[in-house]
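Keep in mind that the numbers below use all heavy atoms, side chains included, and drop hydrogens, waters and symmetry copies. Atoms within each ligand, like the ligands themselves, are counted from 1 in listed order.
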Amino acid sequence: MKKTEFFEKNEISLRFYAAKAIIEEAASLALSMRPSPGGPSATLKGRQDYVTEADRAVELMVYNRLSTLFPDDGFIGEERGEQAQGTYRWVLDPIDGTSNYARGRNRWCISLGLMKNDLPVAGIINAPALKEIFTAIRGEGAFLNGKPIYAAKTKNLDESMVEIGWSPFVPLEWWQEKTTAILNLGSMPRSLGSGALALADVACGRSDGYLEKVIYIWDVAAALVILEEADARISPFIKMGGIEKRTTILATAPNIASQLSKALGVELG
Ligand code: LIP
């Protein structure tokens with residue numbers, strides 16, 4: 001291994017392990033702040049678009065910790081946007097699945113991606129209410145609670161399960177068209193409110209595909225490297241402009257990738 005590769009590998013590993021510990025602390029904070037089951041305890045940013053006190057508290061805590069440890073790194077968060085620039089860039093969704101979190105449900109997570117320039121190099125998705133932590137470092141595999149994970153080997157669409165993400169930015173006609181396409185394939189549909197966890201489910205084989213019409217970089221930055229390391233197929237989200245604007249994403253199990261790509265009208269990388 002060349003000296004430069006050795007130092008880069010260690011720069012990423014150092015950041016990854018420090019961030020993993022910080023996210024575990026943030027996950028405990030978020031869990032302690034979770035509303036009781038019931039109507040949404042949140043502020044509405046728009047129709048069906050929520051933000052909670054935990055979103056703000058987690059983002060501030062993670063930013064403060066990471067900027068202290070790695071002052072030259074960049075940082076983008078869902079709630080406060082870009083707060084710093086740098087070769088290494090942290091991309092955080094402080095609570096992904098906020099609509100679930102705000103009602104006291106379990107399907108939500110903290111999603112933190114590390115990018116070097118525009119390349120995702122490490123990811124951590126921590127879902128404390130589910131007791132699940134998805135992780136990956138580029139070139140070193142993908143894991144769920146420390147055990148290797150891989151996309152499903154599903155070949156028969158009649159056995160497939162495909163999740164489709166919904167947000168207020170999704171036109172009704174698009175939703176109806178794509179849901180019908182999923183059903184016409186013989187797939188079982190799901191829509192569970194967290195894009196990061198939906199992508200993590202494709203990475204570990206719990207589902208065979210995830211489609212969302214428009215999703216942000218902070219929802220997917222951690223999942224992109226986890227999916228790659230788990231041998232899933234993914235649309236070229238970043239080449240499609242996903243860092244700058246909300247963009248379509250499709251992630252699939254490898255053996256049915258071409259059928260899903262064709263039926264859902266999204267090119268894969
Ligand atoms: C959520 C995304 C999900 C989308 C939801 C929402 P948030 O992010 O993870 O993919 O369908 O509408 O945008 O707002 O919970 O961080």
Heavy atom of protein closer than 4.0 angstrom to atom 9 (O) of ligand 1 = yes
Any protein heavy atom < 4.0 Å from atom 6 (C) of ligand 1 | no
Heavy atoms of other groups near [X] [atom1], more than 12 under 6.0 Å:
X: Gln85; atom1: CD; value: no
X: Lys245; atom1: NZ; value: yes
X: Lys239; atom1: NZ; value: no

Within 45° of the ring axis of Phe169 and under 6.0 Å from its six-membered ring centre, is that where the NZ or CZ of Arg246 lies?
-> yes
Under 4.0 Å, heavy atoms only, figure out whether ligand 1 is touched by the backbone of Asp96, its side chain, both or neither.
-> both
Is it the side chain (CB and beyond), the backbone, both or neither of Phe169 that lies under 4.0 Å from ligand 1, heavy atoms counted?
-> neither
Suppose we measure from [atom] to each protein heavy atom; which comes out shortest, and what is that distance?
atom: atom 14 (O) of ligand 1; answer: Glu78 OE2, 3.6 Å
atom: atom 12 (O) of ligand 1; answer: Trp166 O, 2.9 Å
atom: atom 4 (C) of ligand 1; answer: Glu212 OE2, 3.2 Å

Would you mind checking if Glu229 and Arg138 are paired as a salt bridge, meaning a charged N to carboxylate O distance below 4.0 Å?
-> no
Under 4.0 Å to a heavy atom of [X] - the qualifying atoms of ligand 1, by number:
X: Gly97; answer: 7 (P), 15 (O)
X: Ile215; answer: 10 (O)
X: Gly195; answer: 2 (C), 3 (C), 9 (O), 10 (O)
X: Ser167; answer: 12 (O)
X: Asp93; answer: 16 (O)

